[in-house]
Amino acid sequence: MSSPQPVRGTHDLLPEDFARHAHVQAVAREMAARFGYAEMATPIFEFTEIFARTMGETSDVVSKEMYSFESRGGEGMTLRPEYTAGICRAFISNGLQQNVPFKAFATGPMFRYERPQKGRQRQFHQIDIECIGAAEAKADIEVIAVGSAILGALGVLKSCTLEINTLGDTESRQAYRAALVEYFSDHKNNLSEDSRDRLDRNPLRILDSKDKGDRVIVEKVPLFNDYLNAFSTDFFAEVLEGLERLGIGYHLNRRLVRGLDYYTHTAFEFVTDALGAQGAVIAGGRYDGLIETLGGKPTPGIGWAGGIERLAMLAGDAPEAIRPVAVIPVGEAAEAVAEKLAHDLRLDGQVIEMAFKGNVGKRMKRANKLNAAAAILIGEDELARGVCTLRDLDKGEQSEVPLENIAAALKALG
RNA sequence: GCGAACGUAGCUCAGUUGGUUAGAGCGCCUGACUGUGACUCAGGAGGUCGGGGGUUCGAGACCCCUCGUUCGCCCCA
């Protein structure tokens, strides 16, 4: 085809798809508000530093997936691959430390240069929750609870599982990491190529390897539990207890590790097996060192991101939109009156469809196609008597209504 | 980035071992129905078979390249 195509990994959101996305966003926005998370937005691009520093130079996202470019002024810019870094930057930029806990909801497009697949695109969209400035386990519990509630409101909670793990505080994590590197280095020759690479970049990842040979080695790996200090253990236990208190089911997954450097303590994913290889629909965790990494005062934080495309696929069709009422003039003489009537009804709050041209048959057809609930017909007969014909398109019944009563009649129709 | 499959009208797909002007259903447009939709009937528009090159007397079918999609890996939302 020689017709123009969208850039690889990007997609047009036609009205039907857009409605599904909007539904996910609206449900999330409403639920987030109930928990006290107000919507905000940050720019779609930031200085490259913001992402590189927070996510870690060796992470996949930073090392090979960023959409980076140079501004006219020669500064390195990057289209945001995630929301967390931008919101944390905004937290610092705007001096919000006096507002803690700062609880935010955000949504918008993200960009990652990846091989597209179903549920994975180069421009995709996320909903995002962040709670900054709260070190308490209660924050972890609440943040996960918002996610669970949103999945519930979307009707997809039953097809999702909450996988959860702790990465411990920095001290525990460093100790464990060192132990892992030591253990795996001894088995380096038997590790898969991918895992040998992980040994340098993110040794925790090896625990999650799907390679059979790796699995054998992983079986005798040192246990994270032995390296978690008391604080980390207690903290995680408190989080789990809290979830149980709220009736939020979870699956303890000791091999769950996240790919970004900034995570500490609680790490979690709501996963589904309904979307092929792209199982995570909401994922996040605690990032107690991130704000400091960006140059702010040490400030704890926790949050998650959810993929709108994935959630929309799970949730299916959006609720039916408000059905319009079609205003149909019959003949030239009624055109002007119909136009004015349509305008007045719209100002009165009605959803009115009025075609630009066509005879009654065509306009009725169009009204039907647009799923109109009713049609208002005005011709010379009606005009002379100051009435119009109101036709219920579902029942196929119609009656005459005085023009001055039509607004009320429509409201009565529902 | 690696491996594999696929790519024919707006959509879902047929196209026999390569053989004349490439088909169907749905949708769209027009008419029967010059003041009434969802049903029916009759017409019509719409494709350089993703793109480029090659093999052949002849390619939608075979070969190569390229773009795109899908699946798996990697990784992630």
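In what follows, chains are A, B, ... by sequence order, proteins preceding strands, each numbered from 1.
- Residue pairs meeting the ring-ring contact (aromatic ring centres under 6.0 Å, His included) criterion with at least one partner in residues 271-290 of chain A, sequence neighbours excluded, are A:Tyr262-A:Tyr287.
- The stretch residues 305-318 of chain A touches RNA chain B through A:Ala305, A:Gly307, A:Arg310, each having a heavy atom within less than 4.0 Å of the strand.
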Give every pair of a protein N or O atom and an N or O atom of nucleotides 66-70 of chain B that lie under 3.5 Å apart, one pair per line with the distance.
residue	atom	partner	partner atom	Å
B:U69	OP1	A:Gly9	N	3.2
B:U69	OP2	A:Arg8	NE	3.1

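- Listed by first then second residue, pairs satisfying ring-ring contact (aromatic ring centres under 6.0 Å, His included) with a partner in residues 152-187 of chain A read A:Tyr176-A:Phe224, A:Tyr176-A:Tyr227, A:Tyr183-A:His187, not counting sequence neighbours.
- For residues 111-135 of chain A, the pairs satisfying ring-ring contact (aromatic ring centres under 6.0 Å, His included) are A:His21-A:His125, A:Tyr67-A:Tyr113, with sequence neighbours left out.
- Of the residues in residues 37-55 of chain A, not one comes within less than 4.0 Å of RNA chain B through any heavy atom.
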Taking N or O atoms only and anything under 3.5 Å, show me the protein contacts with nucleotides 25-32 of chain B, one pair per line.
residue	atom	partner	partner atom	Å
B:G31	OP2	A:Lys362	NZ	3.0

Every protein N/O within reach of nucleotides 40-43 of chain B N/O, cut-off under 3.5 Å:
none

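- Paired runs in RNA chain B that reach 3 or more consecutive Watson-Crick or G-U pairs, where each pair keeps both distances under 3.5 Å, cover B:1-7 with B:67-73, B:10-13 with B:23-26, B:28-32 with B:40-44, B:50-54 with B:62-66.
- Residue pairs meeting the salt bridge (charged side-chain N to carboxylate O under 4.0 Å, His left out) criterion with at least one member in residues 325-350 of chain A, sequence neighbours excluded, are A:Glu335-A:Arg363, A:Lys340-A:Asp344, A:Asp348-A:Lys411.
- In this structure, the salt bridge (Lys or Arg N to Asp or Glu O under 4.0 Å) partners of A:Asp317, at least two apart in sequence or on a different chain, are A:Arg20.
- Contacts of A:Asp17 classified as salt bridge (Lys or Arg N to Asp or Glu O under 4.0 Å), with partners at least two apart in sequence or in another chain: none.
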